[in-house]
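Take a look at the following structure, please.
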Amino acid sequence: MAVLRICRLPQDRVLRQKARKVRVIDASIARLIDNMIETMQQAGGVGLAAPQVGVSLRVIVLQMPGEEPFALVNPQIVQRTGEQDVTEGCLSVPGYWGQLKRPAGVVVKALDRSGKPTRIKADGLLAEALEHEIDHLNGTLYIDHLESPEKLHEAGPPTPGRQAI
Ligand code: ZN
């Protein structure tokens, strides 16, 4: 496994591209997933999308605090419920945190790393992270959802231990 370079705004244009669907989960996708998990863990994040490591494919990895990491291929949000106020940071926009609204709950359809269809019902941080990562696959960043520039702060995490996505 290898730690990959994390792309950043504004120089890495891949962050603004719509990522392509994965057609076959082959050895190169398995390697990409392993490297993304290692990169996410090394950076201390709770999620990472393939465009953040310069690969324009619809692959994301997530790891909630205290839980095992997992990967989703071609994820799609099929349901959104409610609303939550969140303070979010992104590994591709280091040093900033922003306040925005996200759905309180989401249902996501995807393939797991073995290609098996899977469905995840999530709320709280996992719902927030799923939305954030799937946004990355569409070239969208959390800063696009801010109501105003005053909602973006150059600062450390809002609470100790809060991780970027
Ligand atoms: Zn991000």
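As the structure lists them, so they are numbered: ligands from 1, and atoms in each ligand from 1. Atoms considered below: every heavy atom in the structure, side chains included; atoms not considered: hydrogens, waters and symmetry mates.
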Ile165 near the Zn ion (ligand 1): N/O/S under 2.8 Å: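 Yes - counting backbone and side chain alike, Ile165 has an N, O or S atom under 2.8 Å.
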Heavy-atom closest contact (Leu62 atom, Leu72 atom, distance):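 What the structure gives for the nearest pair is CD1-CD1, 4.3 Å.
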Atom of His136 closest to the Zn ion (ligand 1), considering N, O or S atoms: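 For His136, the N/O/S atom sitting closest to the Zn ion (ligand 1) is NE2.
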Check: Glu88/His145 side-chain N/O donor and acceptor closer than 3.5 Å: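 Note: Glu88 and His145 side chains miss the donor-acceptor criterion.
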Nearest to the Zn ion (ligand 1) - the N/O/S atom of His132, by atom name: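 The Zn ion (ligand 1) is closest to the His132 atom NE2, counting only N, O or S.
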Carboxylate-amine/guanidinium contact Glu128 Arg102, below 4.0 Å: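 Not counted as a salt bridge, because no side-chain N and carboxylate O are separated by less than 4.0 Å.
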Check: Arg58/Asn138 side-chain N/O donor and acceptor closer than 3.5 Å: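 Yes.
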